[in-house]
Amino acid sequence: MNPPVSRRVFLLGAAGAAALTVTGCRNGDTRAAFSTVGTLDFANPLGIPPLAASMTAADGTRVFQLTAEAGSSRFLPDRTTPTWGYNGTFLGPTLRARRGEKVRVTVVNALEESTTVHWHGMHLPAVFDGGPHQIINPGAVWTPEWTVDQPEATLWYHPHPHGQTEAQMTRGLAGMFILDGDEPVQGLPFEYGVDDVPVIVQDRTFGDDGSFRPGPPAQTGLLGDTVLVNGTCNPHLAVTTEAVRLRLLNAATARIFNIGFADNRGFHVVGGDGGLLAAPVAVGRLLLSPGERAEIVVRFTPGEQPVLRSFPHELGMSREFNDGAGGNDVLDLLQFRAADKLAGSPQLPERLADLEPVDPKMSAATRSFILKGMYINGRMMDMSRIDATVGAGTVEIWMVSNIDNQPHSFHVHGVQFRILELNGADPGPEFSGWKDTVFLPVGTSARIALKFGRHTDPETAYMYHCHLVRHADQGMMGQFIVVQPQ
Ligand code: C2O
Ligand code: CU
Ligand code: CU
């Protein structure tokens, strides 16, 4: 566990987060750490992304509509910001479907440039994955459809055009996609926006004119000085129940959040990227790198106002570079305002889900992925090259090693995996469930067991890549196809 607060962190002056100037800055990678503690009053009610409307087609398919569009948003009291969103001006609605349901999404591109929409964490045919190959031109419509065939989970969607993903996500394109099981799990809060709340965490820097600023050129990508949660800056959430489930999504493009509470209270992790854990895990901190999700349950007492905070954490670099990559920043994320009377919430169940075991001895292949520079195994992304061919329904062991001088976050499309080992050791119970993204600080490695699905397509690839999005844009990505095993 990391120490709660680093002694290297200093407090901002009264200028506040939005007007922050970074001192001691030599270049983007050696900027000084900073803290927003004491600079926020949490005046704004947390925005809750609306649940997407859907209609049922004659064959029972649930049909959603998403339009990617440009607009402007008001994050700051006195300035507006040019932004992009789905069905609105920033982020998008929460899509929600049940296991076994057939879904179709009518995606309309009302932007002036090409985009794609990727369903991060979803098991679906490669042609509907929304990676760099499924380009939607301006004015065009794309209608992927698939049958939901995986456990209940908090997934998300975002653009993925090669080389343009960081820019499009930074403007605001992203949303949550919740999958439900047959029945809600007894004892887990389940009322959307009330005691089951999406918490989409991002960081940005605002210019004087209100526009998003790219920030100093940094190897890791954009590190902002202002946190937006669900597109709200300086937010609070009114709490009306004793327990609240937070569906945390790190939708930042580069920043790693080390989630905890300012008062160091504990909380329970109940789910990871690909679904619920077998049992709740009590923790005080939880690392969430770009692309990762976690579901946590927090308990409150009447009248209190605890603050969700991101704490310093180790990136495996020298102090100077840890500062430069944001590892020593302290960022207040969200204040909770508990009512004077809270509705009772049940205790968490002892068991949450039956996690299908993955037997590494059943592995059909073992592969190694070395991350260094913007390369994976010495190669940059080439959209016409297939890097791996895997058999549908098989288990593979992938050894992913970060021998670079900066952190990376390794994500695989169309599949979920289990982390067998992080640096040769057990990853810890909070990371014991299904994952699609694993965080790799400098000098670390992960041994993961992937259970590939049944969709085959020798013509269309899925991606694996670093989810520090600037790295993926720069070529830190590869392609695999899933075929019928011989
Ligand atoms: Cu969030 Cu290629 O993915
Ligand atoms: Cu993905
Ligand atoms: Cu990376």
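Each ligand, and each atom within it, is numbered from 1 in the order the structure gives. Since this is a predicted model, take the numbers as computed values, not measurements.
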side-chain contact (heavy atoms from CB on, under 4.5 Å), that's the test. Do Phe206 and Thr81 meet it? Break it down for me. CA-CA 8 Å; Phe206 290 91; Thr81 307; 3.5 Å; yes
Polar protein atoms near atom 2 (Cu) of ligand 1 [N, O or S; cut-off under 2.8 Å]: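 Within the sphere that stays under 2.8 Å of atom 2 (Cu) of ligand 1, the protein atoms of type N, O or S are His160 NE2, His413 NE2, His465 NE2.
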When you measure from the Cu ion (ligand 2) to the N, O or S atoms of His411, does any of those distances fall below 2.8 Å? yes
How are the rings of Phe177 and Tyr157 set to each other: parallel, tilted or perpendicular (split at 30° and 60°)? perpendicular
Going by the angle between their ring planes, with limits at 30° and 60°, are Phe480 and Phe452 parallel, tilted or perpendicular?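 Phe480 and Phe452: perpendicular rings.
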Atoms named by residue and atom, protein N, O or S, within reach of the Cu ion (ligand 3) (under 2.8 Å):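 Atoms qualifying: His408 ND1, Cys466 SG, His471 ND1.
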Scan for side-chain hydrogen bond (donor to acceptor under 3.5 Å, both in side chains) pairs involving residues 103-112, sequence neighbours excluded, and state none if there are none.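 Output for this query lists Arg104-Glu145.
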Measure from NZ or CZ of Arg447 to the centre of the six-membered ring of Phe417 and say whether it is under 6.0 Å with the direction within 45° of the ring axis. no
Is it the case that the ring center of Phe369 lies less than 6.0 angstrom away from the ring center of Trp398? yes
For Trp156 and Trp119, I'd like to know if the aromatic rings sit close, meaning centre-to-centre distance below 6.0 Å. no
Check each of His465, His133, Arg385 against Gln479 using the side-chain hydrogen bond (donor to acceptor under 3.5 Å, both in side chains) test, and report the only one that passes.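 Running side-chain hydrogen bond (donor to acceptor under 3.5 Å, both in side chains) over His465, His133, Arg385 with Gln479 returns exactly one hit, His133.
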Applying side-chain contact (heavy atoms from CB on, under 4.5 Å), name anything that partners His118, two or more places apart in sequence or on another chain. His120, Asp129, His158, His160, His411, His413
Evaluation steps, salt bridge (charged side-chain N to carboxylate O under 4.0 Å, His left out), between Arg204 and Asp225: CA-CA 6 Å; Arg204 293 289 189 278; Asp225 54 33; over 6 Å; no
